[in-house]
Amino acid sequence: MKYLIAFFVTLFYVTITFSQERIISYDTHIKVEESGDLLVREDITVQAEGQQIKRGIFRTFPTKYKDKMGTRFQVDFEVVEVLKDGSNEPFFTEKQNNGVVVYIGDKNKFLTSGTYTYSLIYKTTRQIGFFEDYDELYFNAIGGDWAFTIEKATVLVELPEGAEILQLDAFSGFEGTTTCDCELVSGDNRLKIETTRALNPREQLTFAVAWPKGIVKEPTTAEKWMYFFKSNFHVLFSLGGLLFVFLVYYRAWKKVGVDPPKGTIFPQFDPPEGFSPADCAVLHRLQFSQRAVSSAIVNMAVKGHIKITYNKKKYTLKRITDDYSMLTDEEKALSQALFVNHKIIDLDNKYHKVFSKGRTNTYNSIKKKLKPTYFSFNYNHLGKGILASVILVVIAFILSPSAAIPILLIILLVALVIVFTYLIKAPTVLGRKIMDDIEGFKMYLSVAEQKQLDSLHEPELTVERFEALLPYAIALGVENQWGKKFENSLTKSLQETKSYNPSWYSGAAAGMAFSPARFSSDMGRSFSSAISSASSPPGSSSGSGGGGSSGGGGGGGGGGGW
């Protein structure tokens with residue numbers, strides 16, 4: 001009795017085991033053609049019990065892949081023939097988000113329990129990788145979407161005649177596995193892979209094999225670009241949109257941003273009449289820079305409105321008088337902002353709020369004076385391009401499979417608007433004439449050697465003239481040359497440079513000879529740097545060749561019963 005019970009228990013478990021739906025064998029034959037196409041035959045033997053496998057099986061095959069940038073890569077998939085136990089079998093296909101599903105079997109016919117061998121023959125393209133030293137097929141022969149255990153799997157890869165296998169590898173298991181429970185046998189142009197254990201549901205079998213270049217036809221560059229844009233319309237759309245936005249900006253620039261022609265430049269001994277150092281700083285580059293503020297402060301000092309002191313590596317500004325009549329509009333606005341609560345102020349970023357306000361007031365005053373008579377920023381003409389950019393980015397995010405391309409597009413569009421923001425600024429005809437005069441004046445300030453201007457009857461360079469024009473030299477970035485010019489003038493007149501000390505500035509070290517050249521350089525470089533620092537709030541600075549794995553490469557997918 002005991003033996004009889006044991007027999008029936010064993011029979012029960014054996015029956016359960018053999019009645020489970022599973023894939024008994026999965027044999028794949030892959031032929032690599034010289035055209036680069038793959039002709040694949042999959043013979044899948046299943047145990048059907050009417051649970052999931054009712055009418056037949058289905059096979060999913062991905063045709064769309066993504067790289068790290070989120071760009072798409074699409075392959076072709078074409079069913080050549082479908083068989084069941086060697087005879088033609090009905091089938092139909094359905095498209096899904098990332099590929100194709102092949103349903104094998106008759107919708108109106110149910111299977112009886114038993115063993116069936118389904119053969120799927122198909123062609124797929126663009127699966128070959130073309131590298132510098134070799135070509136390679138990195139292919140997921142059994143994908144990770146199978147719902148059944150696969151008891152035995154083999155893969156036979158047949159390369160074109162004369163193709164020597166240079167390197168190979170295989171991987172089995174769940175996605176990311178870098179080892180293989182399999183045996184690899186290769187010879188001539190053939191490779192056979194045979195698993196040594198069953199593959200559980202969702203486990204995969206992937207291989208990579210490489211051969212010499214020139215055997216399989218490599219697509220031309222034009223064909224590669226055609227394939228790329230066919231699979232990645234969002235990239236083509238983004239490039240086309242970027243070109244469109246560029247043309248919108250370019251048209252706006254051609255309309256209002258083309259500068260009047262530059263005139264003949266010759267030395268001018270004086271600045272354009274009625275234009276302050278800060279005015280010249282803005283007109284010279286058509287932009288507001290720190291030099292405009294620096295030159296305005298030094299000009300106020302020269303006029304006796306403030307005094308500049310340099311002590312212990314720090315600049316201090318002291319207002320001497322409340323009389324604003326000697327100041328230009330922007331200098332008055334700057335002084336009122338800086339000395340709103342104190343008569344003495346350090347160039348320190350603890351005063352960044354008053355310096356920022358002073359900078360803003362200075363800029364607004366200069367704009368009010370110079371626009372639109374002498375120049376215009378023309379920023380309003382960039383509106384259409386900015387609107388087109390916003391629309392383009394929104395559509396790019398909708399079309400793109402990832403955020404990478406839209407983000408790159410945003411970076412390029414921002415760069416584009418920055419470039420045209422600079423280019424679209426333009427002087428008027430009158431403004432261009434003043435800019436030419438400023439260029440000529442800069443030429444005079446920057447020529448340190450007297451003999452270069454003797455023939456032009458240059459005015460005598462007195463202390464008063466040096467000080468009056470020093471703010472302009474700072475505004476135009478030639479304070480070094482202007483200081484050297486004055487120092488040369490003192491030397492020629494047999495005066496010692498230490499005999500000159502400006503009343504509106506103190507700071508030379510005791511016992512050290514005063515140098516106009518060094519003083520001018522300090523005023524332009526370190527003084528401007530100190531103002532810039534004072535304007536900033538605290539804290540505002542500062543496969544076959546390795547690397548492959550299970551689930552990698554092309555192919556893949558899986559299947560189940562239906």
Side-chain angles (χ1 to χ4, degrees), residues 225 229 232-265 272 275 278-293 329-330 356 359-400 403-439 442 475-477:
W225 280 110
F229 286 124
N232 296 277
F233 175 74
H234 65 289
V235 177
L236 185 61
F237 172 81
S238 298
L239 290 175
L242 186 65
L243 177 61
F244 174 76
V245 172
F246 171 81
L247 293 176
V248 172
Y249 284 141
Y250 179 78
R251 184 178 179 184
W253 172 77
K254 284 288 288 184
K255 183 178 179 181
V256 299
V258 179
D259 292 1
K262 196 172 184 178
T264 303
I265 308 299
F275 290 86
D279 294 337
C280 291
V282 172
L283 274 175
H284 182 51
R285 298 295 184 189
L286 291 186
Q287 64 183 25
F288 186 77
S289 66
Q290 196 61 53
R291 286 187 172 273
V293 179
D329 290 342
E330 75 277 0
S356 296
R359 177 186 172 93
T360 300
N361 291 355
T362 302
Y363 185 36
N364 290 338
S365 179
I366 294 173
K367 281 198 301 181
K368 184 178 179 180
K369 187 192 317 182
L370 300 182
K371 286 179 60 183
T373 305
Y374 298 100
F375 76 95
S376 179
F377 289 134
N378 296 314
Y379 294 154
N380 57 311
H381 291 272
L382 298 175
K384 291 182 180 179
I386 293 173
L387 178 61
S389 298
V390 172
I391 295 173
L392 174 62
V393 168
V394 171
I395 297 177
F397 269 108
I398 294 173
L399 295 178
S400 300
I405 294 300
I407 289 174
L408 179 60
L409 180 62
I410 290 173
I411 294 172
L412 294 175
L413 288 170
V414 170
L416 202 58
V417 74
I418 290 173
V419 169
F420 277 97
T421 297
Y422 172 77
L423 293 177
I424 207 166
K425 296 180 294 185
T428 62
V429 174
L430 178 59
R432 179 68 259 178
K433 182 181 181 305
I434 300 301
M435 290 174 70
D436 291 344
D437 291 341
I438 291 173
E439 283 289 339
K442 179 182 177 181
L476 302 178

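The first residue of the sequence shown is numbered 1, and numbering continues consecutively from there.
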Looking at [X] and [Y], what are the two nearest heavy atoms and their distance?
X: F244; Y: A388; result: CE2-CB, 4.1 Å
X: H234; Y: S400; result: CD2-OG, 3.3 Å
X: G257; Y: A426; result: O-CB, 3.8 Å
X: Y249; Y: S389; result: OH-OG, 3.8 Å
X: A292; Y: A278; result: O-CB, 3.6 Å
X: G385; Y: V245; result: O-CG1, 3.9 Å

Is it true that a side-chain atom of [X] and a backbone atom of [Y] form a donor plus acceptor pair closer than 3.5 Å?
X: S376; Y: P372; answer: no
X: N378; Y: V256; answer: yes
X: S365; Y: N361; answer: no

Pair D329 + K369, salt bridge at N-O below 4.0 Å: no

For K371, is the NZ atom crowded, meaning more than 12 foreign heavy atoms sit under 6.0 Å from it? yes

Below 4.5 Å, heavy atoms only, C-beta onward: do [X] and [Y] meet side chain to side chain?
X: L242; Y: L409; value: yes
X: L413; Y: V417; value: no
X: P260; Y: P427; value: yes

Could you give the distance from [atom1] ([X]) to [atom2] ([Y]), rounded to the nearest 0.5 Å?
X: F375; Y: K367; atom1: CZ; atom2: NZ; value: 8.0 Å
X: I386; Y: T421; atom1: CD1; atom2: OG1; value: 6.5 Å
X: I424; Y: L382; atom1: CD1; atom2: CG; value: 4.0 Å
X: L286; Y: D259; atom1: CG; atom2: CG; value: 7.0 Å
X: K262; Y: E439; atom1: NZ; atom2: CD; value: 5.0 Å
X: F237; Y: I405; atom1: CZ; atom2: CD1; value: 13.0 Å

When you measure from the centre of the six-membered ring of Y422, is the NZ or CZ of K425 under 6.0 Å away and within 45° of the axis? no

Take R359 and Q290 through the test side chain to side chain contact (heavy atoms under 4.5 Å, CB included) and record every step on the way to the result. CA-CA 8 Å; R359 177 186 172 93; Q290 196 61 53; 2.7 Å; yes

Can you check side chain to side chain contact (heavy atoms under 4.5 Å, CB included) on V429 and K433, steps first, answer last? CA-CA 6 Å; V429 174; K433 182 181 181 305; over 6 Å; no

Can you tell me which residue among F246, F377, Y379, W253 is in a ring pair (Phe, Tyr, Trp, His ring centres under 6.0 Å) with F420? F246

Show, in sequence, the C-alpha distance, side-chain angles and deciding distance for D279 and E330, and conclude whether the side chain to side chain contact (heavy atoms under 4.5 Å, CB included) test is met. CA-CA 9 Å; D279 294 337; E330 75 277 0; 4.1 Å; yes

Criterion side chain to side chain contact (heavy atoms under 4.5 Å, CB included) on D437 and F275, from CA distance to verdict: CA-CA 11 Å; D437 291 341; F275 290 86; over 6 Å; no

